[in-house]
Amino acid sequence: QVQLVESGGGVVQSGGSLTLSCEVSGNAYRMNAMGWYRQAPGKEREWVATITTGGATNTRESVRGRFTISRNSARNRVYLQMNSLKPEDTAVYYCNDPKGFWGQGTQVTVSS
């Protein structure tokens, strides 16, 4: 069974930074391309960033230049460095393996 566990969320002032971490575990599991998603109150879940097994990245336009996705495949971890946070970044952030696995989410709250 594959498990994804996010951590690193919290409350931060506008302009602040947070780093989210996602640890993936499972028998014989090898990390695939991974992604981060988020869901704000009353809104649908939206894609934030993706990183391939080779390290190529892509981020949604609204966070480009502020958010950076990275990975440590040897440790089965994926990260989301978030800088210059804005109140509109407030959401529950989820780690995703495109094979259908999700974490439980970690709350990020940005106060103005």
Any side-chain to backbone donor/acceptor pair from Thr57 onto Ile69? Under 3.5 Å, distance only. no
Under the criterion side-chain contact (heavy atoms from CB on, under 4.5 Å), I'd like the reasoning laid out for Phe67 against Arg60: C-alpha separation, chi angles, the key distance, then a yes or no. CA-CA 9 Å; Phe67 289 13; Arg60 71 181 296 109; over 6 Å; no
Drop me the distance from Gln39's CD to Glu44's CD, to the nearest 0.5 angstrom. 8.0 Å
Within 45° of the axis and under 6.0 Å from the centre of the six-membered ring of Trp102, does NZ or CZ of Arg45 qualify? yes
CG (Asp89) and OG (Ser62) are apart, to the nearest 0.5 Å, by 7.0 Å
Hey, what do you get for SG (Cys22) to CD (Gln3), rounding to the nearest 0.5 Å? 11.0 Å
Is any side-chain heavy atom of Thr68 less than 4.5 Å from a side-chain heavy atom of Leu80? no
Cluster link Phe101 to Val92, ILVMFWY, side chain under 4.5 Å: no
Arg75 (side chain) donor-acceptor with Arg71 (main chain) under 3.5 angstrom: no
Side-chain donor-acceptor pairs of residues 9-19 under 3.5 Å, sequence neighbours excluded:
residue : atom : partner : partner atom : Å
Ser17   : OG   : Asn83   : OD1          : 3.0
Thr19   : OG1  : Gln81   : OE1          : 2.4

Is the shortest heavy-atom distance from the side chain of Thr90 to the side chain of Gln107 under 4.5 Å? yes
In short, Val108 meets Met82 closest at the heavy-atom pair CG2-CE, 3.8 Å
Does Cys95 form a side-chain contact (heavy atoms from CB on, under 4.5 Å) with Met34? I'd like the steps, not just the answer. CA-CA 7 Å; Cys95 181; Met34 298 293 295; 3.7 Å; yes
Got a second to check how far Tyr79's OH is from Ser21's OG, nearest 0.5 Å? 5.0 Å
Hey, could you give me the OG/CG distance between Ser111 and Leu85, rounded to the nearest 0.5 Å? 10.0 Å
Start with the C-alpha gap between Glu23 and Asn76, add the side-chain angles, then the distance that decides, and say whether side-chain contact (heavy atoms from CB on, under 4.5 Å) holds. CA-CA 6 Å; Glu23 181 176 10; Asn76 276 352; 5.6 Å; no
In this structure, would Leu20 and Leu4 fall into the same cluster of hydrophobic residues linked by side-chain contacts under 4.5 Å? yes
Any non-hydrogen side-chain atom of Ile51 less than 4.5 Å from a side-chain atom of Val78? yes
For residues 91-101, the side-chain hydrogen bond (donor to acceptor under 3.5 Å, both in side chains) pairs (sequence neighbours left out) are Tyr29-Asp97, Asn32-Asp97, Arg38-Tyr93
side-chain contact (heavy atoms from CB on, under 4.5 Å) between Met31 and Arg77, worked out: CA-CA 8 Å; Met31 206 161 59; Arg77 286 181 182 264; 5.7 Å; no
Flag, side chain of Arg64 to backbone of Thr59, donor-acceptor distance under 3.5 Å: yes
